[in-house]
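In what follows, a single structure is set out as C-alpha cells and then discussed.
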Amino acid sequence: MTDTSGETGIGGSADSIGGAPGEAGPRGSGILRHVPVHDGFVAAPGQREEMAEAIDRHIAAHFGPVDFVLHELGSHLVGVHVYVTEPTEERPFRTLITSGMSDLPMTVPGGHGISPYAEVMIALPADWQFTEAVHPAGDDTWEWPIRLLKEVARLPHEYATWIGPWHSLPNGDPMLPYAPSVPFTGVVVTPMLRVPAEARTVVVGDGTEISLLALVPLHPGEVTVKLEQGTDALIDILDRGAITELLDPSRPSYA
C-alpha cells in the first residue's frame with residue numbers, strides 16, 4: 001500500500017484526519033474541518049442514465065450478480081443507491097457498492113490528477129443480516145455500513161470537497177462508535193485489494209472515469225495513529241493485520 005492522498009470527513013462541520021503526500025510525517029497530519037456549503041435540503045438532480053448503466057455493467061462484470069438494491073427517494077444533493085451482490089464461489093461474501101455519488105463531480109484541487117467522479121464500496125460477510133425481520137427496528141448493529149456508505153458518498157457534495165485514497169474520516173468530534181455494539185469510530189478510504197486492477201475504475205461510454213474506492217472501518221487507536229503518526233504508520237497497521245475492504249466485525253485493533 002502507498003499514500004496518495006489528502007483528507008476530508010463526516011460531521012456537522014466535517015472533521016478529517018490526515019494530509020497530502022509528504023505531509024504525514026512523524027507528528028501526523030492534524031484535523032481539517034469543513035463547513036456545509038448548502039443551506040437546507042437540495043433536491044438531487046437525478047442519475048445520468050449512461051453513468052448508471054455503466055455502473056450496473058461494471059458490478060455485474062467484476063463483483064457478481066446483484067441480490068437487491070437499496071434505493072433512495074427524495075434524496076439530498078445526490079441519490080445514493082446501494083447495490084448488494086450475492087456471495088459467489090469466487091467472492092464468498094457480499095459486496096455493497098454505491099451508485100449515485102458520481103451524479104455530481106467532486107471538488108478536486110488542481111494537480112492531483114484524479115477523476116472528480118467516484119463511488120464507494122465495502123464488503124461484508126455472507127451471513128450479514130439486512131432485514132428488520134432478524135433484528136429489532138432501530139437496532140443499528142447491522143445497518144451502520146449502509147449508513148456509512150451513504151454519508152461518505154454525499155459528503156464531498158455537502159462540503160464542496162473530495163475524497164480519495166488514504167483520506168480518513170472520524171465519526172464525529174469526539175469520535176463515537178457507528179453503533180452501540182460496534183468497535184469502529186472512523187474509516188479510511190483505500191484502494192480495493194480483492195479485485196483486479198481494472199475493477200477499480202468504471203469507464204462510461206463518453207470516456208468519463210469513475211473511481212471505485214473502498215471504505216475500511218478503524219478502531220479508535222488506529223484513527224489516533226493516523227492523527228498522531230501519519231498515513232504511513234496507518235498503512236503499516238493495515239498491512240500487519242492483513243486488513244482489506246472485507247469487513248471483519250470482530251477483528252482486534254492493530255494499533
Aromatic ring pairing Trp162/His167, orientation class (parallel under 30°, perpendicular over 60°, tilted between): perpendicular

Full working for side-chain contact (heavy atoms from CB on, under 4.5 Å) between Glu245 and Ile122: CA-CA 6 Å; Glu245 65 270 21; Ile122 191 170; 5.9 Å; no

Steps toward salt bridge (Lys or Arg N to Asp or Glu O under 4.0 Å) verdict (Asp103, Arg48): CA-CA 7 Å; Asp103 290 355; Arg48 283 173 44 193; over 6 Å; no

Side-chain donor/acceptor pairs under 3.5 Å, residues 192-204, sequence neighbours excluded:
from: Arg194; atom 1: NE; to: Thr244; atom 2: OG1; distance (Å): 2.9
from: Arg200; atom 1: NE; to: Met192; atom 2: O; distance (Å): 3.0
from: Arg200; atom 1: NH2; to: Met192; atom 2: O; distance (Å): 2.8

Main-chain N/O of Leu234 paired to Gln229 side chain as donor or acceptor, under 3.5 Å: no

Any donor-acceptor N/O pair, Ser211 side chain to Leu213 backbone, under 3.5 Å: no

Glu119 and Ser99 side chains, donor-acceptor separation under 3.5 Å: no

Heavy-atom donor-acceptor pair, Thr88 side chain to Arg91 backbone, under 3.5 Å: yes

Carboxylate-amine/guanidinium proximity below 4.0 Å for Lys150 and Glu143: no

Sequence-distant partners of Arg147, salt bridge (charged side-chain N to carboxylate O under 4.0 Å, His left out), two or more places apart: Asp140, Glu151

Ser115 versus Glu209, side-chain donor and acceptor atoms under 3.5 Å: no

Side chain Arg240, main chain Tyr254, donor-acceptor under 3.5 Å: yes

Donor-acceptor pair, side chain of His157 and main chain of His76, under 3.5 angstrom: no

Trp128 side chain to Trp142 backbone, donor-acceptor under 3.5 Å: yes

